[in-house]
Structures are given as structure tokens and as C-alpha cells.
Trainee: 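One structure follows; several queries about it will come next.
The structure presented is a predicted model; accordingly, all values stated were derived computationally and were not measured.
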Amino acid sequence: MDNDYSWTKFNPAAARKLCAYSDRREELLTWLYSALPEETNYLHGPNHKKLTDIDPFTVFGVMNRHISQEKKAEVAKSFKIFFKVDEPSPTDFRGVSPLNNENSMFFGFKDGKTKEDINNLWTLFLGLFGKNDQVAGLFNEMTRHQYGIKFNLTMGMYWVCPTKYFPLDGPSRKYLNARGVAVSEQVPTYDEFVKISEEVRQKLCGDSTADDAFAIVTRDIYYSTHKAQ
């Protein structure tokens, strides 16, 4: 199924359901640890105890790490059941920009602001789905000053809004620069990020607004990177 990009419909649908858990995080964590014990054993603090708080991008990261397609499908099925997602559960994740397994959380414990950092991530996430108008301001603030937040935020935003945002992880930046879409090694401002995403659409997607337009490009990035290794 070379044209199966069903995750591009499933992820946004699941993300909208996840919005309801912004103030139900204990319930969210209880479910994650009980339903996906093997896939969540990396979710712990510096004391190796289970987390007591979590952000929405780290939740999606459970499905978007360097794990097998089969494991990702199991996680997606659990998401579908728990969040009551109407879209079919995907079994193929081509075009998903994966997290580094050694750094799969969007927050840390070194800045003394873990709770505030997680709250910021929730606020931005909710803004992506029209719950507030703070996305641009928070993106700019967080990518410059929040511990653990750099280009990974562009990846998280792509996972849940794959028709609007293009991920700017390392392989993507190299690929885009080689094809006439300039991306610096400094995280862009929000407005620049949106402009880059639109330039990708124009230059590499033929102006397509299809659900899978960006995913087809990111799939090519993945295969190009692995061929070069």
C-alpha cells in the first residue's frame, strides 16, 4: 500500500480528542502506562519514577519514535479506542518524522520550570485547534527560551497538523536546502515557519493541499537519508 498515508487523517482527529485532556492529565498518564506499558517505559523523571505530568506532543511521541511499524500500529489502535477516534487506525506511518529514542520527551527537569513548560506546550497545542490565539507568540518564546524545545516543536506540530506545518528536523533541513527552500540552523520565527511550509507546498508539492502532500515529501526525505547511509 504505497499510497497509504491514513495517519494524516487519523492524527488530527486523535489530537482534537486529546484537547479534552488538557486538565485531565493524571487520567491520561494512568491510561498510557496501563495500556502501553512496554511503549511507555522511557517516560520517567530523573529519579526513574513515572511521570506525574505530560504534554500532548510527548503523548503523540509514544507513537512517533523509532519503533517498528507493528508497534506504532498497536499504539495507534490504543489511541483510537481510548480517544474514540472515528478515523480508521493506521497501520502504515510513512512520512512521519520520528523522534530520537534517546530524547523523546518535549520537556525536561533541568530548568526548574517543568510544570510551566508543560503548560506552555498544552496552550500551544490547544491553539492549533482554535482554542486560543497564542500559537505564534508561544512558538517564538518557547523555541528561543524553553528547555528542550527547538526544531522538535516543528515535528510535533507536523504530526497533528500535517497539512499546515512541515517538519524541520535535521534531515529535512538538509533536503530542503538542497532543493531551493532555504532553512537556517536557527529555529525560524513562527511566521517564517509558516512561510517555509508554504514554500515547500509550492516548490515540492505542486501547490497541492491534499492531506498527504507534505507526507509524500517527508517520506522521500526518509528514504533519501537512508540511501545515503
Side-chain angles (χ1 to χ4, degrees), residues 1 4-44 50-99 101 104-107 115 117-132 134-135 138-139 149 152-165 167 210-212 214-215 218:
M1 298 179 66
D4 179 14
Y5 294 93
S6 59
W7 71 265
T8 62
K9 292 183 178 180
F10 178 83
N11 278 19
R16 290 186 183 92
K17 298 282 189 175
L18 179 57
C19 288
Y21 288 82
S22 62
D23 57 358
R24 298 161 61 188
R25 300 177 207 172
E26 184 176 343
E27 180 182 346
L28 187 60
L29 278 166
T30 298
W31 163 68
L32 278 171
Y33 285 128
S34 61
L36 301 164
E38 292 183 10
E39 290 75 21
T40 57
N41 57 17
Y42 68 95
L43 292 177
H44 57 73
K50 291 181 177 179
L51 300 176
T52 58
D53 202 358
I54 195 169
D55 72 274
F57 297 107
T58 297
V59 171
F60 266 89
V62 175
M63 184 167 55
N64 295 325
R65 303 168 74 231
H66 279 286
I67 56 177
S68 68
Q69 294 275 59
E70 291 75 20
K71 286 291 184 182
K72 288 182 179 183
E74 289 176 16
V75 175
K77 186 175 181 180
S78 292
F79 274 44
K80 176 178 174 61
I81 294 169
F82 182 75
F83 293 116
K84 298 180 174 62
V85 182
D86 293 331
E87 292 289 338
S89 177
T91 57
D92 189 291
F93 299 86
R94 67 186 72 242
V96 176
S97 51
L99 283 178
N101 283 13
S104 297
M105 296 194 294
F106 284 73
F107 61 92
K115 186 72 176 179
D117 293 347
I118 291 175
N119 285 339
N120 285 341
L121 287 160
W122 274 106
T123 302
L124 186 144
F125 183 83
L126 292 171
L128 295 176
F129 298 96
K131 308 296 184 181
N132 61 59
Q134 299 183 54
V135 173
L138 272 175
F139 180 93
I149 297 297
N152 58 343
L153 187 55
T154 71
M155 295 166 63
M157 292 166 71
Y158 166 65
W159 294 339
V160 299
C161 297
T163 63
K164 183 172 183 178
Y165 302 112
D211 290 333
D212 62 0
F214 283 168
T218 53

Trainee: Going by the rule side-chain hydrogen bond (donor to acceptor under 3.5 Å, both in side chains), which residues pair with Asp53 if we only count those two or more places apart in sequence or in a different chain?
Mentor: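 Counting only residues at least two positions away or on another chain, Asp53 forms a side-chain hydrogen bond (donor to acceptor under 3.5 Å, both in side chains) with Arg25, Lys115.
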
Trainee: Is there a donor-acceptor pair closer than 3.5 Å between any side-chain N or O of Asp212 and the backbone N or O of Tyr5?
Mentor: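 No, because the side chain of Asp212 does not come within donor-acceptor range (under 3.5 Å) of the backbone of Tyr5.
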
Trainee: By side-chain contact (heavy atoms from CB on, under 4.5 Å), which residues pair with Ser22, not counting sequence neighbours?
Mentor: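 Counting only residues at least two positions away or on another chain, Ser22 forms a side-chain contact (heavy atoms from CB on, under 4.5 Å) with Trp122, Leu126.
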
Trainee: Taking only residues two or more places apart in sequence or in another chain, which ones pass ring-ring contact (aromatic ring centres under 6.0 Å, His included) with Tyr42?
Mentor: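 With sequence neighbours excluded, Tyr42 shows a ring-ring contact (aromatic ring centres under 6.0 Å, His included) to no residue whatsoever.
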
Trainee: Do any side-chain atoms of residues 79-88 form donor-acceptor pairs under 3.5 angstrom with protein atoms, and if so which ones, sequence neighbours left out?
Mentor:
unit_1: Lys80; atom_1: NZ; unit_2: Val85; atom_2: O; d: 2.7
unit_1: Lys80; atom_1: NZ; unit_2: Glu87; atom_2: O; d: 3.0

Trainee: Considering only heavy atoms from C-beta outward, does the side chain of Met157 approach that of Leu128 to under 4.5 Å?
Mentor: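 Heavy-atom side-chain distance check passes, below 4.5 Å.
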
Trainee: Output all residues satisfying side-chain contact (heavy atoms from CB on, under 4.5 Å) with Pro12, sequence neighbours left out; order by chain, then residue number.
Mentor: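 Listed in chain order: Arg16, Pro162.
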
Trainee: Using the side-chain hydrogen bond (donor to acceptor under 3.5 Å, both in side chains) criterion, which residues pair with Thr123? Sequence neighbours excluded.
Mentor: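 side-chain hydrogen bond (donor to acceptor under 3.5 Å, both in side chains) check on Thr123 returns nothing, list empty.
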
Trainee: Name all residues meeting the side-chain hydrogen bond (donor to acceptor under 3.5 Å, both in side chains) criterion together with Thr58; count only those two or more places apart in sequence or in a different chain, and write none if there are none.
Mentor: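 So Thr58 forms a side-chain hydrogen bond (donor to acceptor under 3.5 Å, both in side chains) with Asp55.
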
Trainee: Could you tell me which residues satisfy ring-ring contact (aromatic ring centres under 6.0 Å, His included) with Phe214, sequence neighbours excluded, listed by chain and number?
Mentor: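 Phe214: ring-ring contact (aromatic ring centres under 6.0 Å, His included) contacts with Phe166.
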
Trainee: Does anything in residues 28-42 pair up under salt bridge (charged side-chain N to carboxylate O under 4.0 Å, His left out), and if so which pairs, sequence neighbours excluded?
Mentor: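 For residues 28-42: Glu38-Lys71, Glu39-Lys71.
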
Trainee: Could you list the donor-acceptor pairs under 3.5 angstrom formed between side-chain atoms of residues 27-34 and any protein atom two or more places apart in sequence or on another chain?
Mentor:
unit_1: Glu27; atom_1: OE1; unit_2: Arg24; atom_2: NE; d: 3.1
unit_1: Glu27; atom_1: OE1; unit_2: Arg24; atom_2: NH2; d: 3.4
unit_1: Glu27; atom_1: OE2; unit_2: Arg24; atom_2: NH2; d: 3.1
unit_1: Thr30; atom_1: OG1; unit_2: Glu26; atom_2: O; d: 2.9
unit_1: Tyr33; atom_1: OH; unit_2: Leu43; atom_2: O; d: 2.6
unit_1: Tyr33; atom_1: OH; unit_2: Leu51; atom_2: N; d: 2.8
unit_1: Ser34; atom_1: OG; unit_2: Thr30; atom_2: O; d: 2.9
unit_1: Ser34; atom_1: OG; unit_2: Trp31; atom_2: O; d: 3.1

Trainee: If the condition is side-chain hydrogen bond (donor to acceptor under 3.5 Å, both in side chains), which residues does Ser97 pass it with, not counting sequence neighbours?
Mentor: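 Partners of Ser97 under the side-chain hydrogen bond (donor to acceptor under 3.5 Å, both in side chains) test: none.
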
